[in-house]
Amino acid sequence: QTYTTSGTWVCPQGVTSVKVEAWGGGAGGASTPNSNNANGGGGGGGAYSVRNSITVVPGTTYNFTIGTGGGQDANGNNTTATINGVTITAAGGSTGASSTTVNAAGGAGGTVAASVGDTRYAGGNGANGVFKATGNNSGDGGGGGSGAGTLGAGNNGALRVAGALRASFGGAGGDGGRDANGSNASIVAGNYGGGGGGAGHKNKSAGLGAAGAMIFTFTCPALVSNAGPNQTLAACSTTTTLAANTPTNATGTWTKVSGS
């Protein structure tokens with residue numbers, strides 16, 4: 001079960017263990033002031049974290065928070081939950097900086113240190129912007145970093161080019177602007193946490209970061225209900241007792257569907 005907005009997860013009957021994966025939100029890129037030769041760094045991608053097996057109680061409701069993507073000049077938010085006393089957190093990425101005199105710094109991807117889980121991977125870093133001393137107020141924004149994947153850290157932005165998709169589920173960042181607004185992080189179903197592209201040129205907007213996600217993976221046991229063998233009534237009897245089992249992962253009432 002995959003969730004991209006905050007909410008609750010109700011543990012199904014019969015399920016006693018769950019794997020939980022989380023992606024933090026990607027940061028927005030940096031916008032630029034209304035000054036010559038401005039450039040903005042790309043936003044960092046969200047981190048990935050996993051808890052391989054958490055003991056859960058059937059029928060119990062568990063809350064979780066999905067990290068939203070950052071707006072321009074804003075960090076991505078953490079995705080987190082505490083399930084039966086076990087915490088998982090995937091850190092959001094950090095936004096970039098802007099400058100009119102040097103290459104503006106890109107934002108860091110969500111870090112391993114700020115994440116909690118059995119296995120953690122950092123988000124990709126946003127690329128630095130590119131300062132241009134000449135060129136009629138021109139400048140390049142840095143590409144946003146990608147979200148981390150289940151197999152490793154996110155891909156970094158490079159100059160204007162965003163970090164590419166990271167297998168599996170790590171969303172691509174947005175490209176930086178060349179004398180233009182930065183691009184939003186890629187929004188593709190099943191890919192999460194890319195950082196937005198930085199702005200290039202003065203008074204330009206930056207791209208937005210993409211939201212994180214949380215995935216719950218579990219196995220539902222088979223429901224085995226058996227009423228037992230046919231019963232033969234004794235002479236003059238009107239009732240008998242069935243040799244039915246008691247299913248361990250469900251509740252209900254036996255009902256006669258045939259016979260007299």
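Computed from a prediction, not measured in an experiment: that's the story for all the values here. The figures here come from the full heavy-atom set of this structure, side chains too, leaving out hydrogens, waters and symmetry mates. Residue numbers count from 1 along this sequence.
- Taking CG of Asn155 as the reference point, atom CG of Asn125 lies at 11.0 Å (rounded to 0.5 Å).
- For the pair Ser168 (side chain) and Gly149 (backbone), a donor-acceptor distance under 3.5 Å is absent.
- Contact annotation: the side chain of Ile83 never approaches that of Arg51 to less than 4.5 Å [non-hydrogen atoms, C-beta and beyond].
- The distance from atom OH of Tyr48 to atom CZ of Arg166, rounded to the nearest 0.5 Å, is 11.5 Å.
- In this structure, the ring of Phe64 has its center less than 6.0 angstrom from the ring center of Phe216.
- Ser146 OG to Asn156 CG: the interatomic distance, rounded to the nearest 0.5 Å, is 8.0 Å.
- Here the side chain of Thr80 pairs no donor or acceptor atom with the backbone of Thr65 at under 3.5 angstrom.
- Here the closest heavy-atom approach between residue Ala30 and residue Asp73 is recorded as CA-OD1, 3.3 Å.
- Under the 3.5 Å distance criterion, the side-chain polar atoms of Ser205 are left unmatched by any main-chain donor or acceptor of Asn181.
- For the side-chain contact (heavy atoms from CB on, under 4.5 Å) test with Glu21, the passing option among Val50, Thr119, Thr2 is Val50; the others fail.
- The main-chain N or O of Lys204 is found under 3.5 Å from a side-chain atom of Thr32 such that the two form a donor-acceptor pair.
- Between the CG atom in Asn128 and the CG atom in Asn103 there is a gap of 6.0 Å [rounded to 0.5 Å].
- For the residue pair Thr79 and Ala22, the shortest heavy atom distance occurs at CG2-CB, 3.9 Å.
- In Lys19, the NZ atom is not crowded: 12 or fewer heavy atoms of neighbouring residues, nucleotides or ligands sit closer than 6.0 Å.
- No side-chain donor-acceptor contact under 3.5 Å links Arg120 to the backbone of Ala113.
- Nearest heavy-atom pair across Ala210 and Ile187 is CB-CD1, 3.6 Å.
- Judged purely by distance below 3.5 Å, without hydrogens or angles, the side chains of Thr82 and Thr87 pair a donor atom with an acceptor atom.
- Taking the centre of each ring, Tyr3 and Trp9 stay at or above the 6.0 Å mark.
- Under a 3.5 Å cut-off, the side chain of Asn184 and the backbone N or O of Gly207 do not form any donor-acceptor pair.
- With contacts defined as side-chain heavy-atom distances shorter than 4.5 Å, the pair Pro58/Val15 does not qualify.
- For the pair Ala47 and Gly110, the tightest heavy-atom approach, listed with the atom from each and the gap, is CB-O, 3.5 Å.
- A side-chain donor-acceptor contact under 3.5 Å links Thr95 to the backbone of Gly28.
- Partner Val20 forms a side-chain contact (heavy atoms from CB on, under 4.5 Å) with one of Thr217, Ile88, Val56 and no other, that one being Ile88.
- A donor and an acceptor atom, one from each side chain of Ser17 and Ser53, are located under 3.5 Å apart.
- Side-chain N or O atoms of Asn36 include none that pairs as donor or acceptor with a backbone N or O of Lys202 at under 3.5 Å.
- Both Phe218 and Tyr62 are part of a single hydrophobic cluster, where members link through side-chain heavy atoms under 4.5 Å apart.
- Within a 6.0 Å sphere centred on CG of Asn34, heavy atoms belonging to other residues, nucleotides or ligands number more than 12.
- Not a single donor-acceptor pair under 3.5 Å links the side chain of Asn39 to the backbone N or O of Gly139.
- Using cut-offs of 30° and 60° for the angle between ring planes, the Tyr192 and Phe169 rings count as parallel.
- At a threshold of 4.5 Å between non-hydrogen side-chain atoms, the residues Cys11 and Val18 do not count as touching.
- For Ile215, the CD1 atom is densely surrounded, since the number of other residues' heavy atoms within 6.0 Å is greater than 12.
- A donor atom on one side chain and an acceptor atom on the other are not found under 3.5 Å apart for Thr89 and Asn78.
- Residues Val130 and Arg178 have side chains not in contact (no heavy-atom distance under 4.5 Å, counting atoms from C-beta outward).
- Between the Asp175 side chain and the Val161 main chain, no donor and acceptor come within less than 3.5 Å of each other.
- Across all their heavy atoms, Ala185 and Ala172 have their closest contact at CB-O, 3.8 Å.
- What you find for Phe131 and Thr100 is that their closest heavy atoms are CE1-O, 3.1 Å.
- Side chain to side chain, Asn77 and Thr68 meet the donor-acceptor criterion of an N or O pair below 3.5 Å.
- When side chains are defined from C-beta on, Trp23 does not count as touching Thr4, because their heavy atoms never get closer than 4.5 Å.
- No side-chain heavy atom of Leu159 sits less than 4.5 Å from a side-chain heavy atom of Asp140.
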